[in-house]
Amino acid sequence: MASRLALTQFSRRALGSSRVYLGGRVTTTSIPSHTVAAKIQAPCGSLIRWNSTSVDDSLSLTGPKVVAPPMVYIAGEEMTHYASNLIVEKWIKPYFDTTNWEEYDLSCKARDESDDQVLKDAVDAGKRIGAIFKEPTITPTAVQVKEMGLSKPFGSPNGAMRRGWNGITISRDTIHIEGIELGYKRPVFFERHAVGGEYGAGWNEVGQGTLLTTYLPQDGSPPFVVDKRDLTDEQNAVVVYHNPYDNIEPLAHLFFKRCLEADITPYIVTKKTVFKWQEPFWANMKKVFDEHYKEDFVKAGLMEECGGELQHLISDAATMKLIRWTGGGFGMAAHNYDGDMLTDQIAQVHRSPGFITSNLVGKNDDGSLIKEFEASHGTVSDLWHEHLAGKETSLNPLGMAEAMIGAMEHAATLDAEKNPEDADKQAVKAKIFNYCTTLRSAMHNTFRYKQGTRDMSGPSGFTTEDFIDKVAWRLNRYLAQQTEESPPPTLHEPSRQFRRNYDVDLESVNEMFVKFDKNSDGVIDIEEFTDLLVHLNLAPTKTPKAKDKTDEIL
């Protein structure tokens, strides 16, 4: 019996390539060319099924656990930390040996006890390994500093990570479940410039006086005043920040490539009409687009509503477009702060932050990409307090699971790229991609079967623990169906002697065999076989024979 792989959606990140129906459109989706039998969700809940005749053992997760490649695991706290622990224990550890993972505890308590050395260690590990999964963490308020008994108000770890990993962009995309309408019908991508802006600002509170912002060039040329202003108010908040633009080109390439692969239309968002200093962001993005991508986007028919040109949107207008363009099928790129605000708006239109991915992309010294994956939401304090009070909770872990999938796949990719000749590394990568595809299918089907969390299924929805258990059960069943209990038999051409018109004189055949088996060893070698073909006038010749009339008629 042919093996069955119960999948309803394939990951774009797997190996090989095929065309499948996904998210209301046809897209080029990566599928291992050796993938076993599959089942893909079609519109209206029907199923399209096909079966292969063999199983590729390189994808099997039965038997000994697969040793997962090195990865950095950053632990947070509260409800998302609790749910992440359940995910690792029930979805991952049954199939993978995670001893190569390096874990760093970024809870407020651990940061305080180490005087934030644990954050520095995590950043160093991320740079060394290149693949990071991060749980949501707390940046404590003044009240929380007192409640937790912390020595000081620790800042957000994200800035240290973005600087330490040469952050280029934070990619935030909508998550879609086939057959379930959330907010946007088609994907919405967002590239948020990962550095600069208000987040790295220096500031102070000052009174009346004169403010000078002076630039001292590194090359030793004369300094000059960037800005001078007289402050007449008695109370002023002075803020100074800059936007580094050296990484705009790699951001642009990443953004336009992703949009082109997903068949969506790109837009650039700034407030350059008022903030003249934002003009270079737009100019650099447009330059990369016109030189490298415009022709491909036009050929794909993705610029028809834009007059064939890359479009700029004022940030005010972008906020309105995000509400109106619920059909999806577009991408936006913006500065750091605008990206933060606009992606929160996308999350609300698309039901909740749980249905948005978040991926920090940086570049290592050797040119390889550092990728850190996390949920776009926080620690979900309200559910944590309910959990501590012994009440039922229903946390949707989809965003965190997508982050785990992204980190595991990137870790496998980096490990395989560093060892291109190592067949074992390539096999592990194939297994991890197959596992991640199957996990996504198990999660999505659980929602489709109305066994989701209560944000999706209402009061009858599953609790946090029950949902994770149900996905674990479905995942195990799907993975088990990918492997036969015993290898399928090798098929041979059936003997022709069972045909009705079979009329062969076996005795004469045996006599002929004996005649040409000149050394009587029971085997006809190449020389004896050649003599046989010559005798029967069937031996191929070096010079093609001229066709006779019979050939032409036939």
Side-chain angles (χ1 to χ4, degrees), residues 116 119-120 123 139-142 152-170 190-252 254-255 267-288 312-319 332-345 360-363:
D116 229 8
L119 173 59
K120 297 174 185 177
V123 172
T139 301
T141 63
K152 57 184 176 182
F154 291 92
S156 169
N158 293 335
M161 294 175 181
R162 293 167 193 169
R163 290 189 300 271
W165 299 332
N166 300 314
I168 299 170
T169 181
I170 303 168
F190 207 103
E191 298 299 342
R192 170 188 167 191
H193 193 203
V195 294
E198 293 89 329
Y199 297 93
W203 73 280
N204 214 323
E205 188 173 335
V206 300
Q208 296 176 341
T210 299
L211 179 69
L212 288 177
T213 305
T214 306
Y215 171 64
L216 284 73
Q218 191 176 28
D219 62 9
S221 55
F224 60 88
V225 174
V226 175
D227 182 73
K228 173 182 177 299
R229 62 187 61 216
D230 295 321
L231 307 178
T232 58
D233 290 291
E234 294 182 0
Q235 184 180 21
N236 304 276
V238 174
V239 182
V240 180
Y241 64 83
H242 73 292
N243 278 296
Y245 282 160
D246 284 355
N247 60 11
I248 293 299
E249 184 174 346
L251 181 154
L254 190 139
F255 175 56
Y267 295 86
I268 310 302
V269 178
T270 77
K271 185 73 170 176
K272 68 185 184 71
T273 51
V274 177
F275 304 146
K276 303 300 183 184
W277 47 267
Q278 292 189 355
E279 181 68 35
F281 184 88
W282 156 252
N284 289 339
M285 295 290 287
K286 189 174 190 308
K287 182 175 184 292
V288 172
H312 175 272
L313 293 175
I314 300 300
S315 53
D316 311 55
T319 62
M332 293 184 180
H335 280 97
N336 198 349
Y337 184 75
D338 283 349
D340 195 2
M341 297 298 101
L342 292 174
T343 52
D344 281 349
Q345 185 179 356
L360 170 64
V361 181
K363 185 169 286 189

Item to check | Euclidean distance, Glu249 CD relative to Ile168 CD1, rounded to 0.5 Å | outcome: 10.5 Å
Checklist entry - Is there side-chain contact between Val195 and Arg163, with heavy atoms separated by less than 4.5 Å? => result no
Item to check | Student check: side-chain heavy atoms of Val239 and Glu198 closer than 4.5 Å | outcome: no
Next on the checklist: Are Gln278 and Trp282 packed together at the side-chain level, in the sense that at least one heavy-atom pair is separated by less than 4.5 angstrom?
Outcome noted: no
Next on the checklist: Side chains of Thr270 and His312 only: does a donor on one sit below 3.5 Å from an acceptor on the other?
Outcome noted: yes
Next on the checklist: To the nearest 0.5 Å, what is the distance between CE on Met161 and CG on Leu360?
Outcome noted: 9.0 Å
Checklist entry - Between the side chains of Asp340 and Tyr199, does any donor sit under 3.5 Å from an acceptor? => result yes
Next on the checklist: What I'd like to find out is whether the side chain of Leu211 reaches to under 4.5 Å of the side chain of Val206, using heavy atoms alone.
Outcome noted: no
Checklist entry - Do the side chain of Asn166 and the main chain of Gly362 share a donor and acceptor less than 3.5 angstrom apart? => result no
Item to check | Separation of Phe154 CZ from Asp116 CG (nearest 0.5 Å) | outcome: 5.5 Å
Item to check | Nearest-0.5 Å distance that lies between atom OG1 in Thr319 and atom CG in Leu313 | outcome: 10.0 Å
Checklist entry - Do Leu254 and Glu191 touch side chain to side chain, with heavy atoms closer than 4.5 Å? => result yes
Next on the checklist: Rounded to the nearest 0.5 Å, what separates atom OG1 in Thr343 from atom CD1 in Ile170?
Outcome noted: 8.0 Å
Item to check | Any side-chain heavy-atom pair of Phe255 and Ile268 under 4.5 Å | outcome: yes
Item to check | Asn243 vs Trp277 side-chain heavy atoms within contact, under 4.5 Å | outcome: yes
Checklist entry - Quick one: do the Gln208 and Glu234 side chains pair a donor with an acceptor below 3.5 Å? => result no
Checklist entry - Looking only at heavy atoms, what is the nearest atom pair of Val123 and Gly164, with distance? => result CG1-CA, 3.8 Å
Next on the checklist: Give me the atom names and distance for the closest heavy-atom approach of Gly339 to Ala334.
Outcome noted: N-CB, 4.2 Å
Checklist outcome for this item: By ring pair (Phe, Tyr, Trp, His ring centres under 6.0 Å), His335 pairs with (sequence neighbours left out) Tyr245, Phe281
Next on the checklist: Would Asp338 and His193 count as a side-chain hydrogen bond (donor to acceptor under 3.5 Å, both in side chains) here? Give the steps.
Outcome noted: CA-CA 9 Å; Asp338 283 349; His193 193 203; over 6 Å; no
Item to check | Asp316: partners by side-chain contact (heavy atoms from CB on, under 4.5 Å), with sequence neighbours left out | outcome: Lys271, Ile314
Checklist entry - Would you say Leu251 and Met285 make side-chain contact, with heavy atoms under 4.5 Å? => result yes
Checklist entry - Which value, rounded to the nearest 0.5 Å, describes the distance between Thr273 atom OG1 and Glu279 atom CD? => result 10.0 Å
Next on the checklist: Looking at Gly167, is its backbone amide N or carbonyl O close enough to the side chain of Arg162 to form a donor-acceptor pair, meaning the two atoms are under 3.5 Å apart?
Outcome noted: no
Next on the checklist: For a side-chain contact (heavy atoms from CB on, under 4.5 Å) check, start with the C-alpha distance between Val240 and Trp203, then their side-chain angles and the critical distance, and finish with the verdict.
Outcome noted: CA-CA 6 Å; Val240 180; Trp203 73 280; over 6 Å; no
Next on the checklist: Between Asn236 and Gly207 (side chain of the first, backbone of the second, donor and acceptor by atom type, cut-off under 3.5 Å), is there such a pair?
Outcome noted: yes
Checklist entry - With sequence neighbours left out, which residue pairs that include part of residues 215-229 fulfil the salt bridge (Lys or Arg N to Asp or Glu O under 4.0 Å) condition? => result Asp227-Arg229, Lys228-Asp230
